[in-house]
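Written below as structure tokens is the structure these notes are about.
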Amino acid sequence: MIMSWNTTNKCNMYCKHCYRDSGNEAKMELSTEEGKKLLDEVVKAGFKIMIFSGGEPLMRNDIYELIEYARKIGLRAVLGSNGTLITLEVAKKLKEAGVMGVGISLDSLDCKKHDDFRNHSSGWKKAIEGMKNCKKVKLPFQIHTTVMEWNKDEILDITDFAVSMGAVAHHIFFMVPTGRGKNIEAEALSRGEYEKTLKNIMLKQKEVSIELKPTCAPQFMRIAAENEVKTRFKKGCLAGISYCIISPIGDVQPCAYLNMPIGNVREKPFSEIWKDNLTFKKLRTIDYKGKCGICNYKKACGGCRARATFYNDGDIMAEDNWCLHSIKEERLKGVR
């Protein structure tokens with residue numbers, strides 16, 4: 001079970017697709033003590049992995065203290081960062097605090113394209129330096145890439161770059177139009193390119209030893225099965241089932257791209273929200289509508305709940321109409 005905590009809204013970048021609309025610190029962000037209380041509740045709820053993200057988590061002054069506390073209470077702490085603040089000293093401190101791995105964003109091998117997308121004049125250069133610094137202290141890192149229409153043709157090249165840099169994984173994020181992402185919806189992949197790109201990634205997995213993981217694209221589970229690609233993953237969309245996210249001010253959401261606060265940890269203990277919230281209970285029924293509800297891959301895939309919600313007037317259980325899978329064809333083939 002995986003928890004992501006947006007520890008702060010502060011960020012030294014202003015990325016065009018940011019779901020959190022990060023930049024300035026939010027009013028009334030969780031304090032250090034509130035953060036530790038949240039971590040205790042996360043353990044109580046049965047979670048094992050804690051992703052410290054943002055904004056940019058390294059802009060939070062107590063981040064090392066929080067990471068160390070998470071480690072002490074049995075959580076596997078990982079960091080989601082843009083990488084620009086990971087100096088050699090920071091990399092050492094992260095490892096000493098107990099971070100088990102770092103995800104660093106890189107959206108293009110062309111520094112100008114990356115920097116434009118991230119609105120940071122030296123974002124690409126510093127992200128690469130951050131990777132090298134992690135490698136120097138033997139802190140495992142992976143590359144995170146948001147795939148868009150303008151960079152879709154270099155995704156596999158970025159995978160090769162990740163291998164050459166010594167990354168342990170390449171996770172590819174498929175944008176859902178939320179936050180600032182709504183402003184660039186037209187730059188997201190079309191349905192056809194979405195399917196094609198997922199297939200290319202899964203076939204690439206056969207060629208490389210590092211882990212490739214499409215995110216917010218649960219159809220990769222079906223495509224992996226269709227192409228006999230081995231993966232350690234058991235479920236595509238985890239929202240509300242074995243994953244959720246906490247905002248800087250303590251709001252609980254089923255996933256990062258579902259801008260749907262369903263409780264606040266200041267008002268109710270997280271473990272109780274996780275156990276009792278009706279939205280979570282609904283998601284766990286996997287009683288999806290439309291083609292997602294009758295698809296033989298519904299347990300393995302589940303459709304992207306955020307994308308389904310966005311394109312179906314807020315219906316969290318609607319079909320994910322970004323999927324091109326043919327139910328009729330599936331039945332003819334006798335897929336189980």
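Both backbone and side-chain heavy atoms feed into the values below; hydrogens, waters and symmetry mates do not.
- Within the 4.5 Å cutoff, no side-chain heavy atoms of Glu129 are placed close to those of Ile86.
- With hydrogens and angles ignored, the 3.5 Å screen pairs a side-chain donor or acceptor of Ser108 with a backbone N or O of Asp110.
- Ser22 places a side-chain N or O within donor-acceptor distance of the main-chain N or O of Gly55, the cut-off being under 3.5 Å.
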Begin from the C-alpha positions of Phe173 and Tyr257 and carry the test ring pair (Phe, Tyr, Trp, His ring centres under 6.0 Å) through to its verdict.
CA-CA 11 Å; Phe173 292 71; Tyr257 297 101; 7.6 Å; no
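- Nearest heavy-atom pair, Ser105 versus Ala127, reported as atom, atom and distance to 0.1 Å: O-CB, 3.9 Å.
- Side chain of Glu185 to backbone of Val176: no donor-acceptor contact under 3.5 angstrom is found.
- Rounding to the nearest 0.5 angstrom, the gap separating the OG1 atom in Thr178 from the CG atom in Asp21 is 10.0 Å.
- The neighbour count for Lys152 NZ, taken as heavy atoms of other residues, nucleotides or ligands under 6.0 Å away, is above 12.
- The shortest distance between side-chain heavy atoms of Lys268 and Val265 does not fall below 4.5 Å.
- Side-chain N or O atoms of Arg222 include none that pairs as donor or acceptor with a backbone N or O of Cys301 at under 3.5 Å.
- By the 4.5 Å heavy-atom criterion applied to side chains, Asn24 and Asn9 are not counted as neighbours.
- For the atom pair CD1 of Ile286 and SG of Cys237, the computed distance is 11.5 Å after rounding to the nearest 0.5 Å.
- Defined by atom type and a distance below 3.5 Å, a donor-acceptor pair is missing between the side-chain atoms of Tyr297 and Gln219.
- Taking every heavy atom of both residues into account, Leu79 and Pro57 meet most closely at CD1-CG, 3.6 Å.
- Looking only at distances, no side-chain donor or acceptor of Ser122 sits under 3.5 Å from a matching main-chain atom of Lys125.
- When all heavy atoms are compared, the tightest approach of Thr231 to Ala224 is CG2-CB, 4.4 Å.
- Centroid-to-centroid, the aromatic rings of Phe174 and Phe220 stay 6.0 Å apart or farther.
- When only modelled atom types and interatomic distance are considered, Asn6 and Ser247 share no side-chain donor-acceptor pair under 3.5 Å.
- No side-chain heavy atom of Lys93 sits under 4.5 Å from any side-chain heavy atom of Val90.
- The side-chain heavy atoms of Trp274 and Val42, taken from C-beta on, include no pair separated by under 4.5 Å.
- Residue Ile2 is not grouped with residue Leu283 when hydrophobic side chains (ILVMFWY) are merged at heavy-atom distances under 4.5 angstrom, including chains of intermediate members.
- Classification of Glu33 and Lys37 as a salt-bridged pair fails, no side-chain N sitting under 4.0 Å from a carboxylate O.
- Panel note: side chain Asn119, backbone Met13; no donor-acceptor pair is recorded below 3.5 Å.
- Crowding of Lys199 atom NZ: a count of heavy atoms from other residues, nucleotides or ligands under 6.0 Å not exceeding 12.
- Here the closest heavy-atom approach between residue Ala239 and residue Cys255 is recorded as CB-CB, 3.9 Å.
- Rounded to the nearest 0.5 Å, atoms NE2 (His17) and NZ (Lys182) are 16.0 Å apart.
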Step-by-step side chain to side chain contact (heavy atoms under 4.5 Å, CB included) determination, Glu272 to Asn277: CA-CA 8 Å; Glu272 294 180 18; Asn277 183 268; over 6 Å; no
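- A cation-pi contact links Lys213 to Phe233, judged by a cut-off of 6.0 Å to the six-membered ring centre and 45° from its axis.
- Within the 4.5 Å cutoff, no side-chain heavy atoms of Pro261 are placed close to those of Val252.
- Thr145 places a side-chain N or O within 3.5 Å of a backbone atom of Leu106 that can act as its donor or acceptor partner.
- Taking the ring centre of Trp5 as origin, the terminal cationic atom of Arg20 falls outside the region bounded by 6.0 Å and 45° from the ring axis.
- For Asn151 (side chain) and Met148 (main-chain N/O), a donor-acceptor pair under 3.5 Å exists by modelled atom type.
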* Intermediate values then yes/no, side chain to side chain contact (heavy atoms under 4.5 Å, CB included), Ile262 and Gln253 -> CA-CA 6 Å; Ile262 57 175; Gln253 298 175 209; over 6 Å; no
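- Minimum interatomic distance between Thr146 and Arg118 (heavy atoms only, all atoms of both residues): OG1-NH2, 4.2 Å.
- A side-chain donor-acceptor contact under 3.5 Å links Glu56 and Ser81.
- Nearest heavy atom pair, residue Phe52 against residue Ala77, reads CE1-CB, 3.8 Å.
- Side-chain atoms of Glu34 come within 3.5 Å of backbone N or O of Ser31 as a donor-acceptor pair.
- Side-chain atoms of His171 and Thr215 include no donor-acceptor pair closer than 3.5 Å.
- Taking 4.0 Å as the cut-off between side-chain N and carboxylate O, Lys291 and Asp320 do not count as a salt-bridged pair.
- Judged by the 6.0 Å distance and 45° axis criteria, Arg305 is not positioned over the aromatic ring of Phe310.
- Counting non-hydrogen atoms of other residues, nucleotides and ligands closer than 6.0 Å to NZ of Lys298 gives a total above 12.
- Distance check: Ile241 CD1 to Thr285 OG1 gives 8.5 Å after rounding to the nearest 0.5 Å.
- Judged by the 6.0 Å and 45° rule, Arg180 forms a cation-pi pair with Tyr14.
- For an aromatic pair to be called close, the ring centres must be under 6.0 Å apart, and Trp150 with Phe117 satisfies this.
- Distance check: Cys323 SG to Ile223 CD1 gives 8.0 Å after rounding to the nearest 0.5 Å.
- Looking at Lys10 and Glu29, no side-chain N of the basic residue comes within less than 4.0 Å of a carboxylate O on the acidic one, giving no salt bridge.
- Remark: side-chain polar atoms of Asp116 are not paired, donor with acceptor, to backbone N or O of Lys112 under 3.5 angstrom.
- Rounding to the nearest 0.5 angstrom, the gap separating the CG atom in Leu189 from the CD1 atom in Ile155 is 8.0 Å.
- Asn82 and Asn12 share a side-chain donor-acceptor pair at under 3.5 Å.
- Using a cutoff of 4.0 Å between basic side-chain nitrogens and carboxylate oxygens, Arg60 and Glu65 are not scored as salt-bridged.
- Between the side chains of Thr84 and His120, no donor-acceptor pair is found at a separation under 3.5 Å.
- Using a 4.5 Å heavy-atom cutoff, the side chains of Lys282 and Thr279 are not in contact.
- Within the 4.5 Å cutoff, the side chain of Met3 has heavy atoms near those of the Phe270 side chain.
- Environment of NZ in Lys275: sparse, with no more than 12 heavy atoms of neighbouring residues, nucleotides or ligands closer than 6.0 Å.
- Around CE of Met1, the count of heavy atoms belonging to other residues, nucleotides or ligands within 6.0 Å exceeds 12.
- A salt bridge links Lys72 to Glu68: at least one charged side-chain nitrogen sits closer than 4.0 Å to a carboxylate oxygen.
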Quick one: do Thr159 and Leu212 satisfy side chain to side chain contact (heavy atoms under 4.5 Å, CB included)? Show the steps, please. CA-CA 8 Å; Thr159 294; Leu212 304 186; 3.6 Å; yes
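- With salt bridges taken as basic N to acidic carboxylate O contacts below 4.0 Å, one links Lys204 and Glu207.
- Residues Lys113 and Asp107 are not paired through a salt bridge, judged by the lack of any N-O separation under 4.0 Å between the basic side chain and the carboxylate.
- Surrounding CG of Asp315 are more than 12 heavy atoms belonging to other residues, nucleotides or ligands, all under 6.0 Å away.
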